[in-house]
Amino acid sequence: MTGERFDPSIADGRWQAAWDEAKCFEADSASDKPKTYVLEMFPYPSGRIHIGHVRNYTMGDVLARYHAMRGREVLHPMGWDAFGMPAENAAMEKGVHPGGWTYANIETMKGQLKQLGFALDWSREFATCDAEYYGHEQALFIDLFENGLVYRKESEVNWDPVDMTVLANEQVIDGKGWRSGAEVEKRKLNQWFLKITDFAEDLLAGLDTLEDWPQKVRLMQENWIGKSQGLEFSFDLSSGDKLPVYTTRPDTIFGASFVAVAADHPVAQAVAADDATAQEFIALCKRGGTTAAELETAEKLGFDTGITARHPFTGAQLPLFIANFVLMDYGTGAIMAVPGHDQRDFEFATKYGLPIPRVVAPSVDEAAKPFDGEAEAGEGVLVNSDFLDAMPVEEAKAEVISRAEKSGWGKGTTVWRLRDWGVSRQRYWGTPIPFIHCLNEDGACGVVPVPRDQLPVKLPEDVSFDTPGNPLLRHPTWKHTECPKCGGAAQRETDTLDTFVNSSWYFLRFASQPADKPFDAAEIAQWLPVDQYIGGVEHAILHLLYARFWTRALARCGKLDAKEPFASLFTQGMVTHETYSRKDGPREVYYTPAEVDRSSEGAVLKDDGQPVQIGKVIKMSKSKKNVVDPEDIIRDYGADAVRWFMLSDSPPERDLPWSEAGIEGCGRFVQRLWRLFGQFDEAASGEDKDLARRTHQTIAAVAEDIEALAFNKAVARIYELTSAAEKAKPSADRNHAIRSLLLMASPMMPHLAEEGWHALGGEGLVAKAAWPQVDEALLVNDEVTIAVQHKGKLRDTLTAPADASKDDLEALALASEKVQRSIDGAQIRKVIVVPGRLVNIVT
RNA sequence: GCGGGCGUGGCGGAAUGGUAGACGCCGGGGACUUAAAAUCCCCUGUCCUUUGAGACGUGCGGGUUCGAGUCCCGCCGCCCGCACCA
């Protein structure tokens with residue numbers, strides 16, 4: 001029998017050790033069982049596990065444990081997304097080595113994950129900064145190169161002149177470097193690119209097959225890929241050049257009243273070459289910020305070049321402007337402007353007094369309708385457009401494209417918003433790009449891949465971070481090598497790969513990890529695709545798109561036979577908490593939940609007993625101090641209460657408000673279940689048909705809920721059956737209910753379940769036990785409650801046999817005194833009977 | 001601007017078109033106890049000058065239906081993503 005109270009401080013460690021010893025969670029690729037791959041997005045080892053990780057991994061853990069109970073061979077691995085900037089920042093601030101810092105964090109965080117009792121296959125653990133892992137990654141990068149999916153190109157980057165490094169767009173704040181505060185420059189650098197655009201069409205089409213992905217994520221990727229179809233054609237310029245433009249609205253071509261190019265456009269550069277005013281204007285355009293807010297308010301500015309462009313149909317000469325709202329890196333960097341039907345063109349034309357012709361109208365009769373202060377981008381029919389008049393928009397688009405193609409001055413084209421993926425980073429803490437630049441003056445060798453037998457290209461250990469810039473570049477010896485082709489002097493590539501490359505194939509390495517190659521295709525085929533992938537929605541685009549791309553790219557290289565890496569995706573909500581703060585003059589001072597005593601009346605600071613302001617429930621963040629440390633709450637309540645809280649109440653896709661009262665309630669329930677286990681009575685016999693039914697119905701429903709990731713509902717059902725079992729008298733059926741509750745709760749509260757299983761004399765570990773069987777016959781009740789309505793309003797309920805006929809139910813309903821009182825002698829026109837549910841009498 | 005999501009008690013939230021508010025939290029009352037903790041029981045949407053198998057009630061206004069939180073149309077509010085993408 002079980003003791004007074006369940007003590008997690010003893011039980012948690014005991015069972016974690018038992019699982020380790022039994023190697024409970026090591027996945028066997030050779031197993032005959034059907035396979036299930038459950039994966040949560042692996043963490044960046046920033047220092048400590050935070051509550052968001054706990055929620056994410058608890059969900060995955062419940063699934064992993066549940067599927068194992070259902071007889072599946074489960075792969076549930078964990079590792080570390082270990083390269084990245086924070087390690088270098090720590091190196092600069094604290095003078096530690098990024099590697100030492102990272103591995104120490106991994107040690108800490110692994111210990112924290114173990115404290116939560118996750119059913120992880122630690123035998124497959126790796127960090128992406130392990131030379132073994134990034135060496136295989138280098139080999140894959142060379143594979144992509146050999147298959148024409150890697151290239152070098154000069155491209156413009158954000159350059160921080162103080163830190164001497166490239167910054168990502170997110171690291172540029174108000175035009176200044178986020179660390180140095182220095183004015184960011186645009187620089188052209190030779191950078192490595194991956195040809196993700198080769199797969200644009202396929203990545204887009206593949207979204208339709210991902211039925212078990214959130215629609216939101218699919219739409220976000222669709223928008224990101226940004227397929228648009230239109231017409232590309234060239235204007236003949238008065239300068240003698242040809243100017244290619246791209247438009248998605250070829251139908252409005254008769255409404256074009258000017259032409260515009262981007263400031264970086266060759267035509268603009270040519271004009272500026274001998275025109276100082278143009279030069280000034282271009283400089284002005286470049287200075288403009290790129291944040292959303294700035295663009296929102298930015299005025300449309302233009303510079304009239306004096307050049308004109310000949311309209312392909314009318315022959316009219318349209319003025320050519322350099323304009324600040326035209327982007328060089330989309331389409332051709334030049335546009336035909338149709339002010340009547342494009343808002344930006346409208347604003348520009350208004351400002352510079354250019355004509356705004358109408359070429360689309362609600363009907364042909366409204367060809368002269370004036371504009372109401374803005375462009376009209378909607379549907380309609382063409383007007384003032386010669387041979388297009390009266391055609392609907394779609395038809396007119398096709399007609400213009402067909403005429404342009406016939407006359408040879410333009411063609412229908414598809415343009416993508418998706419850009420090739422620039423993967424060069426001028427950083428130390430990343431995968432070295434495995435290439436060598438031959439320094440031979442004849443240039444015959446060029447850039448050469450590192451021979452495979454020389455992989456991995458390892459990062460040097462002896463680096464310093466006391467001066468800005470890339471430590472690999474200034475390392476005294478590391479970069480010097482010889483050309484693999486000619487044997488002459490050569491220099492290693494000193495750029496490293498974007499960390500998103502590391503996370504683009506880690507799920508493959510988890511499934512298969514031979515020493516001599518990145519993975520084994522046959523073994524991958526056993527496990528992939530990942531059956532359930534779980535992570536934050538913040539990765540909806542970049543990581544998830546890159547991983548889909550890598551899977552396709554590797555398939556093209558013949559490395560594997562798979563298309564989509566993640567069959568089902570789930571994006572979980574954040575953990576939130578209210579904030580506590582006080583005004584200190586103009587500043588708001590925040591306090592952590594641990595510094596505050598919270599009651600239903602309000603909150604006071606423990607230090608001085610004076611009230612603090614209770615703020616909104618928002619995402620936990622260090623700056624607002626509304627954080628709880630997982631280790632603290634595990635210590636106070638035990639791993640199972642924390643896990644249970646993560647699953648209770650809020651649906652997993654929504655935000656979960658953390659509350660002290662909530663976790664206390666979960667702690668109480670852990671004890672309540674424990675006491676119920678103590679009620680298990682070997683000697684009890686006899687039936688409790690009602691409880692037996694509820695037990696079987698609960699088993700079926702909880703299974704269904706877990707499979708649908710509706711953990712909050714599964715939790716509610718376990719509460720209900722617990723109440724029922726507590727109230728029931730001892731019987732064999734009650735024992736069965738208790739044992740079933742233990743098994744059903746085991747994926748969620750595994751330590752409590754093991755302790756109870758042991759106390760109840762269960763064989764082996766509950767982690768290895770089977771999910772309870774459902775007796776189908778007991779899923780249906782033989783008596784049901786029938787609602788009786790009069791004109792749709794509830795008037796009575798009655799109990800009837802589940803198989804009662806429609807006629808019987810009608811008769812029973814009409815016999816009800818309450819119903820008769822409501823009908824009050826009125827003529828009955830109709831009686832609707834839904835067997836097993838209700839009777840509705842219509843008068 | 002474009003795209004998407006969501007509005008249900010004091011709070012988190014349940015509810016194949018069929019008894020709205022399951023379950024949890026908070027709150028109130030009671031039992032046990034010398035007392036407290038722990039535990040257990042009951043109540044807990046609003047209204048009532050008909051306390052009743054009453055009325056009202058799922059953001060607002062319409063509609064479909066025997067029956068609408070759920071489906072349709074039109075609003076309002078909040079949240080998220082993308083964004084001078086031609």
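Chain letters run A, B, ... following the sequence lines, proteins first, then strands; residues in each count from 1.
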I want to verify the glycosidic state of B/G63; is it syn or anti under the 90° rule?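 Anti, since the glycosidic angle lies more than 90° from 0.
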Closest listed nucleotide, where the reference is the side chain of [X] and the choices are [options]:
X	options	value
A/Lys216	B/G4, B/C41, B/C23	B/G4
A/Leu838	B/G18, B/G13, B/C56	B/G18
A/Lys830	B/A86, B/A14, B/C66	B/C66
A/Gln215	B/G5, B/G13, B/G18	B/G5
A/Arg344	B/A53, B/C85, B/G24	B/C85
A/Val842	B/C40, B/A83, B/C66	B/C66
A/Tyr330	B/C25, B/C40, B/C85	B/C85
A/Val326	B/G24, B/A14, B/A86	B/A86

Any sub-3.5 Å donor-acceptor pair from A/Thr413's side-chain atoms to A/Lys411's backbone N or O?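 Confirmed, A/Thr413 side chain pairs with A/Lys411 backbone.
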More 5' along RNA chain B: A/Thr785 or A/Ser650, using each one's nearest nucleotide?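 Its nucleotide being nearer the 5' end, the pick is A/Ser650.
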First of A/Asn840 and A/Gln789 reached from the 5' end of RNA chain B, by closest nucleotide: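 This one resolves to A/Gln789.
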A quick test of your reading: do over 12 heavy atoms of other residues, nucleotides or ligands sit less than 6.0 Å from NZ of A/Lys351?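 Enclosed.
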A/Tyr719 ring center near A/Trp644 ring center (under 6.0 Å):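 Between A/Tyr719 and A/Trp644, the centre distance is under 6.0 Å.
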Tell me if the aromatic rings of A/Phe321 and A/Phe348 count as close, with their centers under 6.0 Å from one another.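 Yes, the ring of A/Phe321 comes within the 6.0 Å limit of the ring of A/Phe348, centre to centre.
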Roughly how far apart, to the nearest Å, are [N] and [M] at atom [atom1]?
N	M	atom1	answer
B/G7	B/G61	C1'	16 Å
B/C56	B/G4	P	37 Å
B/C79	B/G63	P	32 Å

Pair of N/O donor and acceptor under 3.5 Å linking B/C82 base with A/Asn223 side chain: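 No, no donor-acceptor pair under 3.5 Å.
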Answer with yes or no whether A/Lys300 presents, from its side chain, a donor or acceptor under 3.5 Å of a partner atom in the base of B/C84.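 Checked by distance alone, the answer is yes.
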Give one of base, sugar-phosphate or nothing for A/Leu219, where a contact means two heavy atoms less than 4.0 Å apart.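 Touches sugar-phosphate only.
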So what does A/Asp329 touch, heavy atoms closer than 4.0 Å: a base, only the sugar-phosphate, or nothing?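 No contact.
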OG of A/Ser650 to CH2 of A/Trp658: how many Å apart, nearest 0.5 Å?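 The distance works out to 12.5 Å.
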CZ of A/Phe711 to CG of A/Asp705: how many Å apart, nearest 0.5 Å?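 Those atoms lie 10.0 Å apart.
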Within 45 degrees of the axis of the six-membered ring of A/Tyr330 and under 6.0 Å from its centre: does A/Arg417 put its NZ or CZ there?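 Relative to the ring axis of A/Tyr330, which defines the angle, A/Arg417 lies outside at least one limit.
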Dot-bracket summary - RNA chain B, pairs being Watson-Crick or G-U whose distances fall under 3.5 Å, with | when paired to another strand: (((((((..(((.....[....))).(((((.......))))).((((...).)))..(((((..]....))))))))))))....
N/O (side chain, A/Tyr719) to phosphate O (OP1/OP2, B/G24) under 4.0 Å: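 Answer is no, no contact under 4.0 Å.
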